Number of protein chains: 2
Amino acid sequence: MRNIAQRIGRNIGGELVKDPAKLVDTYPKVPLTVDCVLFGFEENVLKVLLIRSDLQVFDGLWSLLGDNVLDNEELDDAANRILRERTGMSDIYLEQVRSFSHPARHPGGRVITVAYCSLINIQHHQLKILDHELHWHEVQSLNKMAFDHYEILTYCNLWLQKRIQEHPLGFNLLPEKFSMRELQNLYEAILNQQLDRRNFRKKFASMGLLIDVNEIEDNVPHRPGKLYKFNFEKYEKNKRNWIGIDF
Amino acid sequence: MRNIAQRIGRNIGGELVKDPAKLVDTYPKVPLTVDCVLFGFEENVLKVLLIRSDLQVFDGLWSLLGDNVLDNEELDDAANRILRERTGMSDIYLEQVRSFSHPARHPGGRVITVAYCSLINIQHHQLKILDHELHWHEVQSLNKMAFDHYEILTYCNLWLQKRIQEHPLGFNLLPEKFSMRELQNLYEAILNQQLDRRNFRKKFASMGLLIDVNEIEDNVPHRPGKLYKFNFEKYEKNKRNWIGIDF
DNA sequence: TTTAAATGTGTAAAAAATACACAACGATTC
DNA sequence: GAATCGTTGTGTATTTTTTACACATTTAAA
């Protein structure tokens, strides 16, 4: 094997590189994409936003929302742009999850992708572009997808389960005013487990981040529950002391 | 703005892409590197493995161990290769942490990097290559580094603090047989906080993952402590039930 | 023999997590 | 308007976990 300095064209010995641009020119380049895993919540079911793959080899399988990273584009920006271009939605806070780099993950050759994740309220974000059969798909009903997207989705789903217990992401999925039952349904759907109703309420009550808006549910065929707002302001202030939720 | 299908050269309408390779050819390509953040522990201090940057613009600042990702190389493999080439060490388990993509992070132009992290026992892994002044550097004494490496290091340090409470990584940093005091020093160094000695011991005792080897410390100028081994076997078996350590 | 410096150990108090049941409410039906 | 249905709202006892804290013991060194 050649010496590393020789192989990558760096100077040997003690001399310093004066022209970094020349150095970067010698770097191999790879196609890089971003895939957005957008989770949503509707009818007490966790959903993910998908399109139909337009690659023949994937024969109509579903695919995450992905695209290339452009020249000089930061990954965060790429994720936001892709989401905007594919769905018409902006102002979604996406978080980087991890990269996937298996050499055979794309049938057209080596393409590395970085997965981004977010959770949104399906009602509050109308899909303005419906190309490629863009739609919300139940997470639980998926098993095969285009590329390695099922693997990415599974990874992001686990990431989300952990994340939602450390940060109050869940409130983005609910209407501004929500009942305790809606909140609990949300956590149960994401964590994929039943939770004790009284202990659930106790836990959130003790956090002191819910504001009782003195209203009750409407149009429910039973005793309506009280409505709450999430105290985003207080949360932002005390963010540093936030220790998370544990179920 | 052009339609996304036009911009990236995809087919419009319902037709399927038959040649994925042709499609990938149209993707913009970016230089991609991997940076390894290797943490070690020595003399009760958390250290990180660094080299001297050979870019003039960084005037002798310290740098992480980084290099390009090669064609068709998986990121995990790249990280292992880089570590091997730079230090001579293999069989180090590196974990992907996240990507850093600020367009101006490299003075030579747009270079995206993926950070990988590991924790090793400095005594057990001799540095076989010392090019570029490769050496172990105290984490606490750093503040400025080449590129955005200080930012990457800081991020990885936080990642590590979290990680070490969820997985027993720390045992990789200690000799096979270690005293409770050594173990506690390690946790204190990484978490950067003092821990109560009795509660610390109680916590580890209750996990049942330490094996008393019926030996005591040697060459200490005070009462020697008992030595333990970590029960890797039992941990691997019960990994799924592992709930972590919490300080 | 004394001193210095660390080890080894247990308990009480506080906090957090869990399990669990019944009355009150509103909507619907008859 | 009475009865029924389904869900809300609430509290307590038990267990588990976390925290705070002190003294006798052991070895090396002086």
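Just so you know, these numbers use all the heavy atoms, side chains as well, and skip hydrogens, waters and symmetry mates. So that the names make sense, note that chain A is the first sequence line, chain B the second, and so on, each numbered from 1. Remember, predicted model here, so these are calculated numbers, not experimental data.
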Can you list every side chain to side chain donor-acceptor pair (under 3.5 Å) pair that touches residues 221-233 of chain A, not counting sequence neighbours? A:Asp212-A:Lys226
Under the rule for ring-ring contact (aromatic ring centres under 6.0 Å, His included), what residues qualify as partners of A:Phe100, not counting sequence neighbours? A:Tyr155
Protein-proximity profile, nucleotides 24-30 of chain C, B/S/- by nucleotide at the 4.0 Å heavy-atom cutoff, equals BBSS---
Interatomic distance, A:Arg181 CZ vs D:dG6 C1' [rounded to whole Å]: 12 Å
Contacting residues from residues 185-196 of chain B, given that a heavy atom lies under 4.0 angstrom of DNA chain D: B:Asp196
Which residues pass the side-chain contact (heavy atoms from CB on, under 4.5 Å) test with B:Lys237, not counting sequence neighbours? none
Nearest whole angstrom, please: distance from the P of C:dT7 to the CZ of B:Phe178. 15 Å
Suppose we screen for salt bridge (charged side-chain N to carboxylate O under 4.0 Å, His left out). Which residues come up paired with A:Glu215, at least two apart in sequence or across chains? A:Lys177
Under the ring-ring contact (aromatic ring centres under 6.0 Å, His included) test, which residues partner A:Phe247, sequence neighbours left out? A:Tyr187, A:Phe200
If we ignore angles and hydrogens, is there a donor and acceptor under 3.5 Å between the side chains of B:Gln161 and B:Gln165? no
Are any protein N/O atoms closer than 3.5 Å to N/O atoms in nucleotides 16-19 of chain D? If there are, list each pair with its distance.
{"unit_1": "D:dT19", "atom_1": "O4", "unit_2": "B:Lys202", "atom_2": "NZ", "d": "3.0"}

To the nearest Å, how far apart are B:Met180 CE and C:dA5 P? 24 Å
Here the distance between atom P of C:dT7 and atom CD of B:Glu215, to the nearest Å, is 18 Å
Applying side chain to side chain donor-acceptor pair (under 3.5 Å), name anything that partners A:Glu182, two or more places apart in sequence or on another chain. A:Ser179
Please determine if a side-chain N or O atom of B:Arg198 lies less than 4.0 Å away from the OP1 or OP2 oxygen of D:dC21. no
Any pair counted as salt bridge (Lys or Arg N to Asp or Glu O under 4.0 Å), so long as it reaches residues 34-43 of chain B, sequence neighbours left out: B:Asp35-B:Arg105, B:Glu42-B:Lys47
Nearest-Å distance for atom pair CZ/C1', residues B:Arg197 and C:dA5: 11 Å
Would you mind reading off the distance between B:Asn219 atom CG and D:dT26 atom P, rounded to a whole angstrom? 21 Å
Going by the rule salt bridge (charged side-chain N to carboxylate O under 4.0 Å, His left out), which residues pair with B:Arg163 if we only count those two or more places apart in sequence or in a different chain? B:Glu95
Starting at atom CZ of B:Phe200, determine the distance to atom C1' of C:dT9, rounded to an integer number of angstrom. 16 Å
Using the test ring-ring contact (aromatic ring centres under 6.0 Å, His included), find all partners of B:His137 that sit at least two apart in sequence or belong to another chain. B:Trp62, B:His135
Is the closest side-chain donor-acceptor distance between A:Arg84 and A:Asn80 under 3.5 Å? no
